[in-house]
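What you are looking at is a predicted structure, and each value in this text was computed from that prediction instead of being measured. The figures that follow rest on heavy atoms only: side chains count, while hydrogens, waters and symmetry mates do not. Quick note on labels: first sequence line is chain A, next is B, and so on, each numbered from 1.
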Number of protein chains: 2
Amino acid sequence: MQSSHEQFRELAWKCGLAATHQRQVIYEAVVAMPGHYSPESIFAEVRRRTPSISLATVYKNLRLFVAHGLLREVSPHASTLLVEGNLEPHHHLVCTRCKAVQDIEGDFINYKKLSRHAPRGFDLTQPLVEVFGLCRRCSAKK
Amino acid sequence: MQSSHEQFRELAWKCGLAATHQRQVIYEAVVAMPGHYSPESIFAEVRRRTPSISLATVYKNLRLFVAHGLLREVSPHASTLLVEGNLEPHHHLVCTRCKAVQDIEGDFINYKKLSRHAPRGFDLTQPLVEVFGLCRRCSAKK
DNA sequence: TTGTTAGATGAGAATGATTATAATCCAAGA
DNA sequence: TCTTGGATTATAATCATTCTCATCTAACAA
Ligand SMILES: [Mn+2]
Ligand SMILES: [Mn+2]
Ligand SMILES: [Zn+2]
Ligand SMILES: [Zn+2]
């Protein structure tokens, strides 16, 4: 079993990316825990180890990791970036009021019907969906 | 059959909103045609009739109309606002590359399974979903 | 009709998330 | 160790959207 340090260096090598210290700590900050993280929260975490790091570097590398499949972008359409380390395909539940995002398990999509209704040429391999509703907190306060 | 002018005045009255000229033309610009419209595109359309109108007024009243249910916000989570006049519940297909949004018909959600997996307290009345994929144009160019 | 006023509008400044720029730095191969 | 292309940093710029506030007007009462 390799250290997370070595694991990242191997992933970076596979993608042809330089394994810099900044990339190391950014990647580890996201992968260390399950959950959805904003660039700002990752920045706050990562600058504890590397105080000189810049927020622009965090943004740039999160986008880079997403492009290379090392991380997943939580919502490909959202107004602010969120990433997660969980690469297992799963869907999300979004609160329309406060925009909080949480995972939802379960097989509630009929993919056959779905692709039947998709327009010609639309690529639905790996169809991910986002379900909108009101989270407990928001639905509580009327 | 009443004119769209009268129709809007009645809707505004029901919501307790002043039926101003600006609101009239904004509402009519969206409702006149099916489709998804941005504040900028509505602004461009509306200033032809009312050159003195301000973009801020367009934004403010689109949000107001959405809040009162006169218009629908296409995606409650998106990075830029889109509205539509079609109030019939329907889902959307979003291109993860270019963010284009199109309607998708069909009953491909198993609501029973869905609500079984939703966390306690999450309000799923009117569960709308957004399905992600690649539009024809984007999937064509590799 | 006229006067009153709460609410609506318009112009421009402010905001906040994100990206671009350009000078400096450094990881990795020779 | 040397070289070099990519990476990083600080900062400026962008862009959609919202805020501020002075001005305007629709709706109601007189
Ligand atoms: Mn998730
Ligand atoms: Mn639609
Ligand atoms: Zn909420
Ligand atoms: Zn596309």
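Looking only at side-chain heavy atoms (C-beta outward), A:Q24 and A:F8 come within less than 4.5 Å of each other.
B:R47 has its CZ atom 13 Å from the C1' atom of C:dA11, to the nearest Å. To the nearest angstrom, P of C:dA17 lies 14 Å from CD1 of A:I42.
Atom NZ of residue B:K60 and atom CG of residue B:L55 lie 11.0 Å apart, to the nearest 0.5 angstrom. In this structure, the separation between CD on A:E73 and CG on A:L128 is 11.5 Å, given to the nearest 0.5 Å.
Partners of B:T125 according to the side chain to side chain donor-acceptor pair (under 3.5 Å) rule, which considers only residues two or more places apart in sequence or in another chain, are B:D123.
A 4.0 Å heavy-atom criterion places the boundary nucleotides of DNA chain D facing chain A at D:dA7 to D:dA10, written 5' to 3'.
Using a 3.5 Å distance cut-off with no hydrogens or angles, the side chains of A:Q102 and A:H92 do not pair a donor with an acceptor. Side-chain contact, B:R72 with B:H36: no donor N or O sits under 3.5 Å from an acceptor N or O.
Only A:S52, A:I53, A:S54, A:T57, A:K60, A:N61, listed by number, bring a heavy atom of residues 51-70 of chain A to less than 4.0 angstrom from any atom of DNA chain D.
Residue A:L81 is in sugar-phosphate contact alone, with no base atom involved, counting any heavy-atom pair closer than 4.0 Å across all strands shown.
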* Asked: Does the pair A:L71 and A:E84 meet the rule for a side chain to side chain contact (heavy atoms under 4.5 Å, CB included), with working shown?
  -> CA-CA 6 Å; A:L71 297 179; A:E84 65 179 329; over 6 Å; no

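Under the 3.5 Å distance criterion, the side-chain polar atoms of B:N110 are matched with a main-chain donor or acceptor of B:K113.
Each of B:S79 and B:A19 has a nearest nucleotide on DNA chain D; the 5'-most of these lies closest to B:S79. Between B:L17 and B:T80, it is B:T80 whose nearest contact on DNA chain D lies nearer the 5' terminus.
Here A:R9 does not reach the OP1 or OP2 of C:dA27: none of its side-chain N or O atoms lies under 4.0 Å away.
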